[in-house]
Amino acid sequence: MNRPAHWLSDALFPRGTNEHGPLPALLVMLMISSGLVDACTFLGLNRVFVANMTGNVVFSGFALAGDPRQRLWAHLLALAAFAAGAWTEGRVAAKIREPRRRLFHLTTTHAVLVAAALAVVLLVGEKGTGPAVALIVLLGYGMGMQNAVALRMAVPDLVNITVVTSIVTRLVSQAPAQAWRRRACAVAAMFAGGLLGAALYLVAGMAAPLTADLVLLVLIVYVARDVIPARR
């Protein structure tokens, strides 16, 4: 699995200039994960995002304006869970200074959180306030951690794994260059995650996209273990 990850990462940069190993491919996979979980929570939890915080901020405004389709508490809870996850990454960074090592450990933690969310859906379903709270907290917290660690990786055009607004802007407004590959791939990854998540949800319910996300995260962990620098 490492060889395809290296190949994709190298293809996103001019020949011989990729200094990030397989990390770009792993971040693209995390963008697919973002699309997956946002699709299942948006469709299954009444328009709540757990990865795209811009949507929650805007929908909170809609709720305050009186839109009956929005649940203000759910959007605010998602924002709080995401922020808590990002805050946790900052605390972990103080103890594990190597970013690639943090990626491995935090993605492992994220996979455990998604597994817990999947257990909630399988045991009690997603309907009702209690399950919704649990799912928003578990999934939002995990995405907050992942977004923070991706930001620290500082891979060009892949620092934000939850939104593609700025990537689309650079893709169409700047002169074509080698960077267009990363930008187009990032947009395609988010689209693919959303498409797959929605299709799985509409066919088989919320457990299906969560299972797909869990498999994807486990795959990322498997590849990431080989990019951890050896301890000195």
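Quantities reported herein were computed from a predicted structural model and do not represent experimental measurements.
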Side chain to side chain donor-acceptor pair (under 3.5 Å) between Ser9 and Asn18, worked out: CA-CA 7 Å; Ser9 297; Asn18 175 28; 4.7 Å; no
Main-chain N/O of Ile96 paired with Arg102 side-chain donor or acceptor, under 3.5 Å: yes
Evaluation steps, ring-ring contact (aromatic ring centres under 6.0 Å, His included), between His20 and Phe13: CA-CA 10 Å; His20 306 280; Phe13 290 83; 5.6 Å; yes
Which atom of Ala212 lies closest to which atom of Leu200, heavy atoms considered: CB-CD1, 3.8 Å
Exercise: identify the closest heavy-atom pair between Leu214 and Ala111: CD1-O, 3.3 Å
Smallest separation among heavy atoms of Ser60 and Leu76, with atom names: OG-CD2, 4.0 Å
Distance (rounded to the nearest 0.5 Å) between Leu106 CG and Leu217 CG: 12.0 Å
Cys40 versus Leu210, closest heavy-atom pair with distance: SG-CD2, 4.0 Å
Test item: Ser34 side-chain N/O and Ala51 main-chain N/O as donor-acceptor pair under 3.5 Å: no
Phe42 vs Phe49, ring-ring contact (aromatic ring centres under 6.0 Å, His included): CA-CA, chis, key distance, verdict: CA-CA 6 Å; Phe42 185 86; Phe49 290 109; 5.1 Å; yes
Identified side-chain contact (heavy atoms from CB on, under 4.5 Å) counterpart of Met53 within the set Leu79, Val163, Asn147: Leu79
Side chains of Asn52 and Asp38, donor plus acceptor under 3.5 Å: no
Taking every non-hydrogen atom, the tightest pair across Leu45 and Arg71: O-NH2, 2.6 Å
Under the side chain to side chain donor-acceptor pair (under 3.5 Å) test, residues paired with Asp67 that sit two or more places apart: Arg69, Gln70
Residue pair Thr211 / Ala207: nearest heavy atoms and the distance that separates them: OG1-O, 2.7 Å
Residues Ser33 and Asp213: side-chain donor-acceptor under 3.5 angstrom: yes
Stepwise side chain to side chain donor-acceptor pair (under 3.5 Å) test for Thr162 and Asn160: CA-CA 6 Å; Thr162 56; Asn160 194 326; 2.9 Å; yes
Short side-chain to backbone donor-acceptor contact, Thr107 and Phe104, under 3.5 Å: no
Geometric class of the His75/Phe59 ring pair [parallel <30°, tilted 30-60°, perpendicular >60°]: tilted
Any donor-acceptor pair under 3.5 Å from Arg225 side chain to Tyr222 backbone: yes
From Met31 atom CE to Leu36 atom CG, the distance as rounded to the nearest 0.5 Å: 13.0 Å
Criterion side-chain contact (heavy atoms from CB on, under 4.5 Å) against Arg182, the qualifying member of Val28, Leu27, Asp157: Asp157
